[in-house]
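Predicted model, so just to flag it, every value in this text is computed and none were measured. All heavy atoms count here, side chains included; hydrogens, waters and symmetry mates do not.
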Amino acid sequence: MAFLIVQALTGLASAASLFLIASGLSIIFGVTRIVNFAHGAFTMIGAYLAYSLTERLGGAFGFWFGLFAAAVAVAAIGAATEILLLRRIYKAPELFQLLATFGVTLMVQDLVILAWGPEDLLGRRAPGFTGAVMILGQRVPAYDLFLVAAGPVVLGALWLLFNRTRWGILVRAATQDRDMVAALGVDQKWLFTSVFALGVFLAGLGGALQIPREAVSHSMDLRVIVEVFVVVVIGGLGSVPGAFLAAVIVSEINAFGILIFPKISIVVVFLVMAVVLVVRPFGLFGRPEAARRTTPGATIRPWQPLGRAGRIAVAVLVSALAAAPAFAGPYLLSVGAEILLFVVFAASLQFLMSVGGLASFGHAAYFGLGSYGAALAVKWLGAPMEAAILAGPVLAGLGGILFGWFCVRLSGVYFAMLTLAFAQIAWSIAFQWVAVTGGDNGILGVWPTAWASKPAAFYWLSLVVATVSVAALRILAFSPFGYRLRAVRDSTLRAEAIGIDRLSTQWIAFAVAGSVAGLAGALYAFLKGNVFPDALAIPTSVDGLVMVLLGGLETVSGAAIGAVAFKALSIWLMSQTDYSKLVLGAIIVVLVVFLPKGLGGLADLVRPSGSGRNDASGSSPSEAAR
């Protein structure tokens, strides 16, 4: 019993820091509706700044002042980010704001390495809390007890701030109806800036308080943001009490999961999040989301199938790509095949997001399931490449059917987070089921058959699969099913009023998108010759989102452009500089600010005024480019 109590106190100590970070993200989302992917990066900056300040400032006062000063500095950085970047894109779809904050995250990852180096840093122990306290015969770090007490104190301070100050009342009002707050004459710009600064201050403070307990590393941002997303979704986006309760739940699950469920400890917290979202779609204390400002996929002009000119242009492009082996070497052909497979992956996500209006944060699950389906067919069944490639989309499609049945019952950010939960569950299974998947050692020796073993042959195979997949998804987008799916996307009530069943329509679209992503994953396994759990991990899902958003949500298949641009640029930058993330993040931010329609929207910028009429082929010039 004594050990269990001590373990519970350890969980509560972790919950305090997690609550600080999560409450900041929840406050920001509640008012600004921004899903701030850079929140983990701000937490990491707070930890690094706290380390530097506490090392330079001596004594107890210097240590505690250094923690607070680090949080204040992070708040100033956050306010500057909101003013210079986010304020410019508040009217853009929420997903573009997610893309912008992801670009900031990439930049911060390299900036901290430039400033502090790649090694992990160990902060000094907190003055006044360096010892341990005996509780029921067990030693408990005094600093853990300090954190256990700090959590409720911060919760009380936030309650007073939001319920006993005029600013707090305005924030709560904006959380419920920010348009009405603006109509009453409140300056939304500075309200948003102050809320963002407070949220980032809490993130920085949460990171700073962790330095006496754990090392500071340049990879902590992604680890933190995953846990924080889980907390705010379980608690309910915009709810500070919900974030507190969820932080306690998640931290205690982490503390006891390794003891009770050692083989599935990583997956337990995501199972809990999935169960909560299925039972309570808006979290424990959340409210239904307000209407979205812009429907993902909504276009200024109705989409049209490619006309004659467009089909000729595509045929010329595919023919030119098919001729690449005549002048490209093995390395370039391998890179080309990889880009083409990610075109398929991005196109499947584009179909789900643009045509279906369903923003998935966990689409890597189906790419990874496709990879593992092909690899397991080779390893356990001795299947040839041709059969194994078919096993990939089958397994991914089954995953899409299973996960999609639960996901399509939600909408907006909650839908996106449930897809993330299922993706993390799939990743955890691949990581911990060592007997079948090999765990983090992966599955090796997944090689193509003889006819496809040459780089040129595999490149042509990838080109054929990419061409057929993108064409099939476009045909489906303009089929009767595609029109039903777009009707549900644009107005669920009107679609249901004319007899379209939303759940079944979106469920089918989810399964189709998963199967196509699985096809890309199956071929990717043979391209690399191996499969690792990273194929299902969050960075792969984020890459897919970036490709779609760079290509343009308002296009039918702009993800093909986005995938080529993103993967080619990523591979080239990695070969040219050690700080490729910094450059890539800056490029993403610039594109979001100055090209909100994505690269696929360039045709609209160059089209002369009044040339939006259809040409003789039945499609406008910009539509032909799409």
Side-chain angles (χ1 to χ4, degrees), residues 14 17-26 28-29 34-52 70-71 73-78 80-82 85-86 97-123 196 199-211 213-233 247 250 254 269 361 364 417 420 423-424 427 534 537-543 545-546 570 578-586 588-589:
S14 299
S17 178
L18 189 56
F19 162 65
L20 282 170
I21 303 168
S23 62
L25 180 62
S26 193
I28 290 172
F29 178 85
I34 290 177
V35 182
N36 181 23
F37 197 89
H39 208 67
F42 289 123
T43 301
M44 180 171 65
I45 294 173
Y48 271 106
L49 288 176
Y51 170 83
S52 295
V74 173
I77 295 172
T81 302
E82 193 276 340
L85 173 60
L86 297 178
Q97 298 157 6
L98 174 70
L99 179 60
T101 56
F102 172 68
V104 171
T105 298
L106 288 178
M107 296 171 66
V108 170
Q109 287 176 351
D110 274 355
L111 287 173
V112 296
I113 294 177
L114 278 170
W116 286 278
E119 297 83 10
D120 292 357
L121 304 176
L122 291 172
F196 198 87
V200 171
F201 170 83
L202 293 171
L205 184 60
L209 288 173
Q210 282 297 97
I211 65 170
R213 299 186 78 228
E214 61 182 55
V216 183
S217 72
H218 61 274
S219 63
M220 67 183 294
D221 55 343
L222 289 180
R223 174 177 55 81
V224 166
I225 197 63
V226 172
E227 282 195 333
V228 169
F229 273 145
V230 170
V231 168
V232 297
V233 169
V250 169
N254 288 333
V269 67
F361 285 6
M417 293 308 300
L420 175 64
Q424 285 299 100
W427 172 84
D534 289 350
I538 289 176
T540 305
S541 292
V542 173
D543 285 351
L545 283 169
V546 172
S570 298
D578 292 332
Y579 302 104
S580 58
K581 292 180 180 178
L582 176 61
V583 179
L584 184 61
I588 290 173
V589 169

Exercise. Side chain of Ser541, backbone of Ala364: donor and acceptor closer than 3.5 Å?
Worked result: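 It does hold such a pair.
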Set of ring pair (Phe, Tyr, Trp, His ring centres under 6.0 Å) partners for [X], sequence neighbours left out:
| X | result |
| --- | --- |
| Phe361 | none |
| Phe229 | none |
| Phe201 | Phe68 |

[X] to [Y] - nearest heavy-atom pair and separation:
| X | Y | answer |
| --- | --- | --- |
| Leu584 | Ser570 | CD2-OG, 3.5 Å |
| Ala70 | Gly46 | CB-O, 3.7 Å |
| Ser217 | Met44 | O-SD, 3.5 Å |
| Leu582 | Met107 | O-CG, 3.6 Å |
| Ala47 | Gly207 | CB-O, 3.5 Å |
| Val224 | Gly40 | CG1-CA, 4.4 Å |

Interatomic distance, [X] atom [atom1] to [Y] atom [atom2] [nearest 0.5 angstrom]:
| X | Y | atom1 | atom2 | answer |
| --- | --- | --- | --- | --- |
| His218 | Ile113 | NE2 | CD1 | 4.0 Å |
| Gln109 | Met220 | CD | CE | 12.0 Å |
| Phe42 | Leu49 | CZ | CG | 12.0 Å |

Exercise. Considering residues at least two apart in sequence or located in another chain, which fulfil the salt bridge (charged side-chain N to carboxylate O under 4.0 Å, His left out) criterion with Glu214?
Worked result: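 Arg223.
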Under 3.5 Å, sequence neighbours excluded: what are the donor-acceptor pairs made by side chains of residues 19-26?
from: Ser23; atom 1: OG; to: Phe19; atom 2: O; distance (Å): 2.9
from: Ser23; atom 1: OG; to: Leu20; atom 2: O; distance (Å): 2.9
from: Ser26; atom 1: OG; to: Gly238; atom 2: N; distance (Å): 2.7
from: Ser26; atom 1: OG; to: Ser239; atom 2: N; distance (Å): 3.1

For this session: Name all residues meeting the side chain to side chain donor-acceptor pair (under 3.5 Å) criterion together with Glu227; count only those two or more places apart in sequence or in a different chain, and write none if there are none.
Result: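 Partners of Glu227 by the side chain to side chain donor-acceptor pair (under 3.5 Å) criterion, ordered by chain and then number, come out as Asn254.
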Problem set entry | Option passing side-chain contact (heavy atoms from CB on, under 4.5 Å) with Trp116 (candidates Leu121, Val216, Leu111) |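 For Trp116, the side-chain contact (heavy atoms from CB on, under 4.5 Å) test succeeds with only one of Leu121, Val216, Leu111, which is Leu121.
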Exercise. Just wondering, are more than 12 heavy atoms of other shown residues or ligands nearer than 6.0 Å to CG in Asp120?
Worked result: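 Check passes, neighbour count above 12.
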Exercise. If we only count heavy atoms from C-beta on, is the Asn36 to Phe29 side-chain gap below 4.5 Å?
Worked result: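 With C-beta onward as the side chain, the pair stays apart.
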